[in-house]
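Throughout, protein chains are lettered first and strands after them, A, B, ... in sequence-line order, and every chain is numbered starting at 1. Since the structure is predicted, the reported quantities are computational estimates derived from the model, not experimental observations.
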There are 2 protein chains.
Amino acid sequence: MIKLEALRVFVTVAESGNIKDAADAVGRTASAVSMTLKQLEDEIGGPLFQTDRKNSLTALGNLMLDLGREQIRSFDKSVSIMRAFAHSRIGSLSIASVPSVATNVLPPILQRFLETRPQVQVELFDIDSAQVRRMVESGVADIGIAGESRAGGGVEFTPLFSDRFKLLCRDDHELCRLERPVEWSDLSGATLIRNGASDRIEAEEHKRLSAQSLITVYNVTSLVALVKAGLGLTILPSLTMHGAHDGVAVLELADAAASRQVGLVERRDIPPSPVAAAFRAFAVEQIPAMVAEHLGTLNGA
Amino acid sequence: MIKLEALRVFVTVAESGNIKDAADAVGRTASAVSMTLKQLEDEIGGPLFQTDRKNSLTALGNLMLDLGREQIRSFDKSVSIMRAFAHSRIGSLSIASVPSVATNVLPPILQRFLETRPQVQVELFDIDSAQVRRMVESGVADIGIAGESRAGGGVEFTPLFSDRFKLLCRDDHELCRLERPVEWSDLSGATLIRNGASDRIEAEEHKRLSAQSLITVYNVTSLVALVKAGLGLTILPSLTMHGAHDGVAVLELADAAASRQVGLVERRDIPPSPVAAAFRAFAVEQIPAMVAEHLGTLNGA
DNA sequence: TTATCAATTTCAGAAGAATTGAAGTTGGTG
DNA sequence: CACCAACTTCAATTCTTCTGAAATTGATAA
């Protein structure tokens, strides 16, 4: 059976014009090269060089030089593609994330991730937690970032950070004058605006308050606008509030349990592609610190 | 270094869905296949299968299956082209031949030659001996068939057959009544038409007769027409006279030395391509018999 | 023509890689 | 939970390729 390695040797000899130099080039002795050539000629069925001084090719040798070069080039390229893919330097990565993370956390993370992987193709979807899970489950997204869900399904959840809920109200609201974290009892009588995230709060007091609420808003910008307009208060995870807004205040809640777990959502059954695995590792390493930093600046501002 | 053979094993396993069947298919034991796969994974830098039951590929495995299949296909095709060329099943063959051989001898020879080589491309030029030599020397033709020449040049001559000159005259000419081969002396006083081939006759008597000739014709058809019209006699190699012509007779010459050597013309320095070499061998084997047969039927007719 | 010399080939032994068969693991299934 | 088939591991073996020395070849100069 003819081997690609033999073609490599032949091409080197054809290019060198003699065995000795070619032998040096491939790191073998002249005798090894000579034997390889002989074997190649036997297997192909004809002489490749005009004389045993290897400076001129036969017609067969020329054909073999052309075809051999092309085979070598193509093989090496394929191998390099496979290696690049395995080492996640190429490939495609589809991320589904809840908007708070997609907006506040992912941009710098992705930037750093792609710095060493300029050839990787990324898609980023910002959708709510339920849809994140659905996209990952269906394989449309390689990896998801969402709030924790009880239902297992085909996906697995790995916590990354927890994000405490805070109260958002007009800055002239009486609660702002409280010099301490807000208790649920402080809110009795207040008008609460529900949102997609606040339903996750386990506290009975909150559930009761929430049940009385007449308005539900899913978009954070609209939510802030409503609060500002004086239609009520709302309770949101810290991370969803990007930056400060004029006229609204963010107050701490006394209930430490009022927080959401945000983490990675992945398919349980099929292994991630190399890029997805690399991103997963990167995310686990970097996102918690990034969130801490982001929440720090939020509080500081 | 990754080997094409390892890719072959991998592709077989990926297609079989398990190691055992693949091992049978490639004629190895399961353990050899397992080790090859492991080595491949190490060298590529990632797992190719989702589990150690080899029935589902990772993303990397899928990529490798695609690329590997293509590499294998392409390599095998290249090798088969090289082999086909070496065994002269493909390639191109350019033949330059004097018209007598091109017309009377080559057609059946070429047909038989190409019967087992339907992919070979052939070009056939019919030109005079000097030009045959020139075409071979310049490399335009791979092989030539021509009369012998003294000047060596870059070409080599290999005799194939000798072809006696004969006398062509009107069938009402008085020489036809001779019941014996014609002597040069019988021609004194006759009008000779010179032609491209007859100048090669060494005999002094002929040279003298020829010197008196006023007409030279290079085309055989025209030559026959002139003889028929009664403008004179001419002397031609047997093979140039294809079939019988009404009104003209072909007479034997007594001078046995009046013949031309026809043979192969080849370049001395560069080796022939496989097809050319195959044709050369075929020609050496078949042309003499073919000529004998052809001249036999000519004489018999 | 012969002598010379470097390149190449040949050869036998050495080194290295792949393969085998047996034993040990693993993971799925009844 | 035990079984079974598939797979992996390991050490020994076999096969291939490589090396270094010696022989051969062919080009160049004497």
> Whole Å only: how far is the NZ atom of A:Lys20 from the P atom of D:dA27?
Replying inline: 19 Å

> Under 6.0 Å between ring centres, would you say that holds for B:Phe75 and A:Phe75?
Replying inline: no

> Taking 4.0 angstrom as the limit, do B:Glu41 and B:Lys38 come out as a salt bridge?
Replying inline: no

>> Given the structure, check if the side chain of A:Ser31 and the base of D:dG20 hold any donor-acceptor pair shorter than 3.5 Å.
In response: yes

>> Check the phosphate of C:dA18 against B:Lys3, side-chain N and O only, distance under 4.0 Å to OP1 or OP2. Yes or no?
In response: yes

> In whole angstrom, what separates B:Arg53's CZ from D:dC4's C1'?
Replying inline: 9 Å

> For the pair made of CZ in B:Phe10 and C1' in C:dA18, what is the distance, rounded to whole Å?
Replying inline: 20 Å

> Between atom CE of A:Met35 and atom CG of A:Leu37, what is the distance when rounded to the nearest 0.5 Å?
Replying inline: 12.0 Å

> Taking CD from A:Glu43 and P from D:dT16, how many angstroms apart are they, rounded to a whole number?
Replying inline: 11 Å

>> Need one value for B:Arg28: base, sugar-phosphate or nothing, where a base atom within 4.0 Å counts as base even if backbone is also close, heavy atoms only.
In response: sugar-phosphate

> Less than 4.0 Å between a side-chain N and a carboxylate O, is that true for A:Arg134 and A:Glu137?
Replying inline: no

>> Any donor-acceptor pair under 3.5 Å linking the side-chain atoms of A:Ser92 with those of A:Glu123?
In response: no

> Donor-acceptor pair under 3.5 Å: do we get one between B:Thr29's side chain and the base of C:dG21?
Replying inline: no

> Side chain of B:Ile19: nearest nucleotide among D:dT19, D:dC7, C:dA22?
Replying inline: D:dC7

> In whole angstrom, what separates A:Gln39's CD from C:dC11's P?
Replying inline: 15 Å

> Among C:dT8, D:dC7, C:dT20, which nucleotide sits nearest the side chain of A:Asn18?
Replying inline: C:dT8

>> Whole angstroms only, please: what is the CD-P distance between A:Glu41 and C:dT10?
In response: 10 Å

> Within this structure, what is the CG-to-P distance between A:Asp52 and C:dC5, rounded to whole angstrom?
Replying inline: 20 Å

>> Of the options D:dT8, C:dT9, D:dG20, whose atoms approach the side-chain atoms of B:Ala30 most closely?
In response: D:dT8

> Across the strands shown, which category fits A:Glu5 at heavy-atom distances under 4.0 angstrom: base, sugar-phosphate, nothing?
Replying inline: nothing

> Could you state the NZ-C1' distance from B:Lys54 to C:dG28, rounded to the nearest angstrom?
Replying inline: 16 Å

>> Closest-nucleotide mapping onto DNA chain D: is A:Gly27 or A:Thr51 further toward the 5' terminus? I mean the 5' end.
In response: A:Gly27

